[in-house]
2 protein chains.
Amino acid sequence: MIDGPKVDGRKARGEKKRRAIVEATLRVIERDGIAGVTHRSVAREAGVPTTAPTYYFATLDDLLIATLLWSAEELCDDMLRIVASGGSAREIARSIARAVDENRGRTLAEYELYLLAGRRPELKAAARRWLDLAVEAVRPADPVAFRAFLAAVDGLLIQGLIADVAPGEDELEPIVSFLLRDCDDFTAAARGG
Amino acid sequence: MIDGPKVDGRKARGEKKRRAIVEATLRVIERDGIAGVTHRSVAREAGVPTTAPTYYFATLDDLLIATLLWSAEELCDDMLRIVASGGSAREIARSIARAVDENRGRTLAEYELYLLAGRRPELKAAARRWLDLAVEAVRPADPVAFRAFLAAVDGLLIQGLIADVAPGEDELEPIVSFLLRDCDDFTAAARGG
DNA sequence: AAACTTGTGGAACACTCGTTCAGGTAGTTG
DNA sequence: CAACTACCTGAACGAGTGTTCCACAAGTTT
């Protein structure tokens, strides 16, 4: 045989545990922020020995980077699903409302990635991923309007996180509508593409 | 005399040192982020003994909170100056361009405050301060358009922080113009009020 | 000048952290 | 079943942390 298709059971388990550690790290970030991520806290969360994270990731930074890259990947999938599903103002407003309420922890984690990327250039690409993907998917007729729209979504999210009560779908809908008022071609382009 | 106008020289020096510690803390945050704030790093930066920050602030959290409240205050002054000085699209674009380039550290610090506020309710008011102030100062005719505008400014700032090269004034100006296209009354109201 | 208050700072404690390392264990191969 | 290999982990080390404590200095009041 050209290449052994027989997988080493040891390596398979290793990969599984590796992913479990990354998932546990994301849970820790959602709960306590990046500040709460230590080898020990991650190990506790994942139910693995203290030294396991060190074994799988050379350094704590590597673990953080792996987690945030994976998180960005997941978020892009969500984003694409929303865009692909039509992307009306109502649906976008609902997504934002969910992001700052039910998925609050996750959204906070995402913005911690933003800030971390601000200080670590190697993370910039991951942090910007959903933006690049949005531009790619939509190919807007009016780039200026689209950039304004994307900026406003970011702003609504982050401002929603520090509101006394999280803004609801109904409160957000008119704002999103305003931003999209003569840009309905966004969604048409997304559907067509 | 009803009340001793004579100030205690000891307390005066104390207050001075207290403020020096807060300022040093802000410099540390701008350079290394909130993660880099420790009693010792702040003491080094301020040129005071290790135990000075503990003496003036019961806990590290108190120091952080004091620093961020003060920082928010300063930022509000800046904001008001921009609004009061006319607030054309060009000027706003220039402010944003500066915030993500020359004042990059400061802007990063400001968004770390946002995120911290997301996890600590007692900081929410401070984080939202410039927003509330903007609404108060402008009293927009179209609240929806104005909220969209404020959200977009936040988004442009945070996205500017994670761009490979920080966006310049010329790149931002059309976006700001777009957001203001039928809201010139913002600035008129600000000037008038 | 004596008594008193307030600010000051070096030493030290208990703790948590990231990381190392040698030994052990599970899976594979002959 | 024995030899081998790759994965795994408990114990431990050194570094850095927040905070406490107490002796001391500086300033104020009587």
Side-chain angles (χ1 to χ4, degrees), chain A residues 1-25 27-29 31-68 112 116 119-120, chain B residues 1-25 27-29 31-68 112 116 119-120:
Chain A
M1 58 195 72
I2 315 158
D3 206 352
K6 215 181 301 177
V7 290
D8 193 327
R10 294 172 291 188
K11 290 194 178 180
R13 273 197 307 142
E15 276 308 307
K16 206 167 182 176
K17 197 177 266 187
R18 188 187 169 91
R19 211 175 50 205
I21 289 173
V22 169
E23 287 172 17
T25 305
R27 282 198 301 276
V28 171
I29 298 179
R31 195 198 323 124
D32 303 325
I34 287 180
V37 175
T38 69
H39 280 151
R40 286 169 171 84
S41 68
V42 168
R44 256 197 308 272
E45 175 72 31
V48 299
T50 311
T51 48
T54 317
Y55 176 75
Y56 288 100
F57 301 90
T59 165
L60 193 68
D61 267 20
D62 287 345
L63 171 57
L64 258 183
I65 290 174
T67 303
L68 294 173
E112 298 212 352
L116 202 64
R119 300 190 190 276
R120 308 218 187 161
Chain B
M1 59 198 73
I2 315 158
D3 206 352
K6 218 179 298 177
V7 289
D8 193 327
R10 293 172 293 187
K11 290 194 177 179
R13 274 197 308 143
E15 275 308 305
K16 207 167 180 177
K17 196 177 263 185
R18 188 188 169 90
R19 210 175 52 205
I21 289 173
V22 169
E23 286 171 18
T25 305
R27 284 199 300 276
V28 171
I29 297 178
R31 197 199 322 125
D32 303 324
I34 288 180
V37 175
T38 69
H39 280 150
R40 285 169 172 82
S41 68
V42 168
R44 257 196 308 273
E45 175 72 30
V48 298
T50 312
T51 48
T54 317
Y55 176 74
Y56 288 100
F57 301 91
T59 164
L60 194 68
D61 266 21
D62 287 345
L63 171 57
L64 259 183
I65 290 173
T67 304
L68 295 172
E112 299 211 352
L116 202 64
R119 298 189 191 279
R120 309 216 187 164

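Convention: sequence-line order gives letters A, B, ...; per-chain numbering from 1. Everything quoted here is computed from the prediction, not taken from an experiment.
Between A/Tyr55 and C/dT20, a side-chain N or O to OP1/OP2 separation shorter than 4.0 Å is absent. OP1 and OP2 of C/dG7 both lie 4.0 Å or more from every side-chain N or O belonging to B/Lys16. Residue A/Arg13 places at least one side-chain N or O under 4.0 Å from the OP1 or OP2 atom of C/dG27.
Heavy atoms of A/Phe57 sit nowhere under 4.0 angstrom from any nucleic acid atom.
Taking A/Arg119 as the reference, B/Glu112 meet the salt bridge (Lys or Arg N to Asp or Glu O under 4.0 Å) condition, with sequence neighbours excluded. Listed by chain and residue number, B/Asp61 satisfy the side-chain hydrogen bond (donor to acceptor under 3.5 Å, both in side chains) test with B/Arg120 (two or more places apart in sequence, or in another chain). Under the rule for a side-chain hydrogen bond (donor to acceptor under 3.5 Å, both in side chains), the partners of B/Arg31 that lie at least two apart in sequence or sit in another chain are B/Glu45. The side-chain hydrogen bond (donor to acceptor under 3.5 Å, both in side chains) check on B/Asp32 picks up nothing, with sequence neighbours excluded.
One finds the CD1 atom of A/Ile29 at 5.5 Å from the CG atom of A/Leu64 (value rounded to the nearest 0.5 Å).
A straight line from CG of A/Leu64 to C1' of C/dG18 spans 13 Å, rounded to a whole angstrom. In this entry the distance linking OH of A/Tyr56 with P of C/dG18 reads 18 Å, nearest Å. Rounded to whole Å, the distance from CD1 on A/Ile34 to P on C/dG18 is 14 Å. Rounding to whole angstrom units, CD1 of residue A/Ile21 and P of D/dC7 are separated by 14 Å. We find that CZ of B/Arg18 is positioned 13 Å from C1' of C/dG7, with the value rounded to whole Å.
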Just distance, no hydrogens or angles: give the donor-acceptor pairs under 3.5 Å from side chains in residues 37-44 of chain A, sequence neighbours left out.
residue	atom	partner	partner atom	Å
A/Thr38	OG1	A/Arg40	N	3.3
A/Thr38	OG1	A/Ser41	N	2.9
A/Thr38	OG1	A/Ser41	OG	3.2
A/His39	ND1	A/Thr54	OG1	3.3
A/Ser41	OG	A/Gly36	O	2.9
A/Ser41	OG	A/Thr38	N	2.9
A/Ser41	OG	A/Thr38	O	3.1

Enumerate the protein-to-nucleotides 14-18 of chain D contacts in which both atoms are nitrogen or oxygen and the separation is below 3.5 Å.
residue	atom	partner	partner atom	Å
D/dG18	OP1	B/His39	N	3.4
D/dG18	OP2	B/His39	N	3.1
D/dG18	N7	B/Arg40	NH1	2.7
D/dG18	O6	B/Arg40	NH2	3.3

